[in-house]
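Report on the structure given below.
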Amino acid sequence: MTGDFEIGARAKARCDLLGAPPYSEVEDQLTRRFLTPAHNAALERLTLWMTSAGMTVRRDAAGNLVGRYEGQAPDAPALMIGSHIDSVRNGGRYDGPLGIMLGIDVVEALRDASRRLPFAIEVIAFGDEEGSRFPASMSCSRAIAGTLDPDAVLDMRDADGVTLAQAFTAFGLDPQRITDARRKPSEVLAFLEAHIEQGPVLEAEGLALGVVTAIAAQKRLMVRITGMAGHAGTTPMALRKDPGPAAAECILALERLCQAGTDNLVGTVGRLTALPGAFNVIPGAVEFSMDIRAETSATRDAAVEAVTAEIHAIAARRGLSASVTLMQALSESPCDPGLTAMLEAAVGDLGLPPRRLPSGAGHDAMVMAALCPTAMLFIRCEGGISHNPAESVTEADCALAAQAMLHFIDKLERRERA
Ligand code: GLV
Ligand code: MN
Ligand code: MN
């Protein structure tokens, strides 16, 4: 069916190829942030692969790349398959791109078999899932799903002070038109995302594949604690207004709160900056990010409220001021029960036990659920390691994933013909 490559196995090799410059901004690591030259280079390479798999390819107004394989009738609604092409800083090679490469392989297999379906297939490479350049994430899938408010994001700045609007312009896109990427529900039959698990469950159980039931709710917040900058050598400890130790207390408070929580409540401070940032200066302010997630928005929100109150109390006790700013909120997102059952049956067709599991990681699928029914396939990764260059998958598991996706398409075809 697939000629000279093993479907799925090549997907891994393609992710590996995109793991270095020019597809990475940084030598000797993979950092591919939204709207950078590395992002553009990856889209150019994906365009070649999508075209040779039989797709017509376009870039949309929000920086997504979309390859379309027509169905039997022109303008048929599409099964969208894909994931994100951006990475975290110094990330792994499979988080995101693997879902795109598997989609390309699946389309190529259909094309080689001369199969046209009652629906089109669109393979999509979302541009910004990680939010690794600007403070909010998933702007590209939100643009497609129609849930992006441009006024809320276009003024966001990256670490170099470049606004999202400026970055769009530099990428050759009009920031005033990003909502043109929005798709109509009538154009999209469903969204299927294949992704590495990014956790240890499948490996621990000796399973190659899992089927996602739901994606956890998350909130991103920025905290700023303000004191007074001063001389590190001359200011006695009792007379300082140092936001550093206050930030340390806040981080410990978040840890305590989440350790005592339910519904897989987790909290992370992934970015911490002392300003102005010098050995010999008591910082005038400390800023840190908080990422808080749980299986339900209610549990997440209760934790956000509790930690916010603690932050203000800690700051007040130390004579400092604090602000907590919500950067982004995403509700929990159940996958579609019908499609999930279909995907579970597709995994079963391969003789594999159908293992259902929730996702603590965020995915574009959680945003796409506002537009269409969604399903997600997880692929085992070594040690559950992700957001780390040590991320690893096997070719054999990738091949199984591609086969499961083809079985899923068979079942969707039968449903659409019925
Ligand atoms: C994306 O990887 C996320 O879960 O934040
Ligand atoms: Mn990620
Ligand atoms: Mn991802």
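Both counts, for ligands and for their atoms, begin at 1 and track the order of listing. Source: prediction; values computed, not measured.
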Practice task
Measure the distances from the heavy atoms of His363 to every atom of ligand 1 and state whether one is below 4.0 angstrom.
Solution key: no

Problem - Partner of Ser139 under side-chain contact (heavy atoms from CB on, under 4.5 Å), chosen from Phe168, Phe126, Phe134, Phe34 - result: Phe34

Exercise for the section: Run through Met138, Gln198, His84 and flag the one making a side-chain contact (heavy atoms from CB on, under 4.5 Å) with His363. Expected result: Gln198

Practice task
Please say whether Gln218 places an N or O atom under 3.5 Å from an N or O atom belonging to ligand 1.
Solution key: no

Handout entry: Ionic contact status for Arg380 with Glu197, cut-off 4.0 Å
Key = no

Exercise for the section: Before signing off on this row, confirm whether Gly362 and ligand 1 have an N or O atom pair separated by under 3.5 Å. Expected result: yes

Handout entry: Phe171/His39 aromatic ring centres below 6.0 Å
Key = yes

Practice task
Please determine if Arg293 has a nitrogen or oxygen closer than 3.5 Å to a nitrogen or oxygen of ligand 1.
Solution key: yes

Handout entry: the Mn ion (ligand 2) to nearest N/O/S of His387 below 2.8 Å
Key = yes

Fill in the blank from the handout: The atom of Glu130 among N, O or S that is nearest the Mn ion (ligand 2) is OE2

Exercise for the section: Considering only NZ, NE, NH1 and NH2 on the basic side and carboxylate oxygens on the acidic side, decide whether Arg317 and Glu249 come within less than 4.0 Å. Expected result: yes

Problem - Close-contact set for ligand 1 against Glu130 heavy atoms, below 4.0 Å - result: 1 (C), 2 (O)

Problem - N-O pairing of Arg33 and Asp86 below 4.0 Å - result: no

Practice task
Mind checking whether His387 contacts ligand 1 via backbone (N, CA, C, O), side chain (CB onward), both or neither, at a 4.0 Å heavy-atom cut-off?
Solution key: side chain

Handout entry: Asp95 N/O/S atom closer than 2.8 Å to the Mn ion (ligand 2)
Key = yes

Exercise for the section: To 10°, measure the NE2(His84)-the Mn ion (ligand 3)-NE2(His195) angle for me. Expected result: 110°

Handout entry: Where ligand 1 meets Ala361 - atom numbers and elements under 4.0 angstrom, heavy-atom basis
Key = 4 (O)

Problem - Glu413 with Lys411: basic N within carboxylate O range, under 4.0 Å - result: no

Problem - Distance-only donor-acceptor check, side chains Arg58 and Asn64, under 3.5 Å - result: no

